Amino acid sequence: MKLFRYRAPSIRSLTGYTAAKRRVKRGLGISQVQAWTKPTRVKQRAKAKLGLYSPTARVIRQTAKGNFPSFLGLFGRKR
């Protein structure tokens, strides 16, 4: 364990409030419902179906911004 931390822990993390809140949410399945109802997740799912997160679309977006792939960047990561 580190002797010095970059940031001091919050009161909520020290008391265990956040962990308890997460346990309740996961137990009730609220996060599963929010994955289907939150507007940002709905948009993200639609973009994924359209193929906007595919490797070719990523290359097109990066080159449009001016970031050209290097020789090593042409090879995809193994997932």
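This is a predicted model, so every value here is computed, not measured. What you see below is based on every heavy atom in this structure, not just the backbone, and it leaves out hydrogens, waters and symmetry mates.
The distance from the OG1 atom of Thr18 to the CD1 atom of Ile11 is 11.0 Å, given to the nearest 0.5 Å. A distance of 4.5 Å separates NZ of Lys25 from CD of Gln34, quoted to the nearest 0.5 Å. Note: Arg7 CZ to Ser13 OG = 9.5 Å, rounded to the nearest 0.5 Å. The OG1 atom of Thr56 lies 9.5 Å from the CZ atom of Arg58; values are rounded to the nearest 0.5 Å.
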request  = Show your working on side-chain contact (heavy atoms from CB on, under 4.5 Å) between Arg61 and Leu52 and close with a plain yes or no.
outcome  = CA-CA 9 Å; Arg61 278 198 305 272; Leu52 292 180; 4.2 Å; yes

request  = Please lay out, stage by stage, how Tyr53 and Lys47 fare under the test side-chain contact (heavy atoms from CB on, under 4.5 Å).
outcome  = CA-CA 7 Å; Tyr53 296 130; Lys47 286 179 182 180; 3.8 Å; yes

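Distance alone, capped at 3.5 Å, is enough to place a donor-acceptor pair between the Arg45 side chain and the Ala35 backbone.
Using a 4.5 Å cut-off between side-chain heavy atoms of Ile, Leu, Val, Met, Phe, Trp and Tyr, with links allowed through other members, Ile30 and Val24 fall into the same hydrophobic cluster.
The two residues Ala57 and Gly51 make their nearest non-hydrogen contact at CB-O, 3.6 Å.
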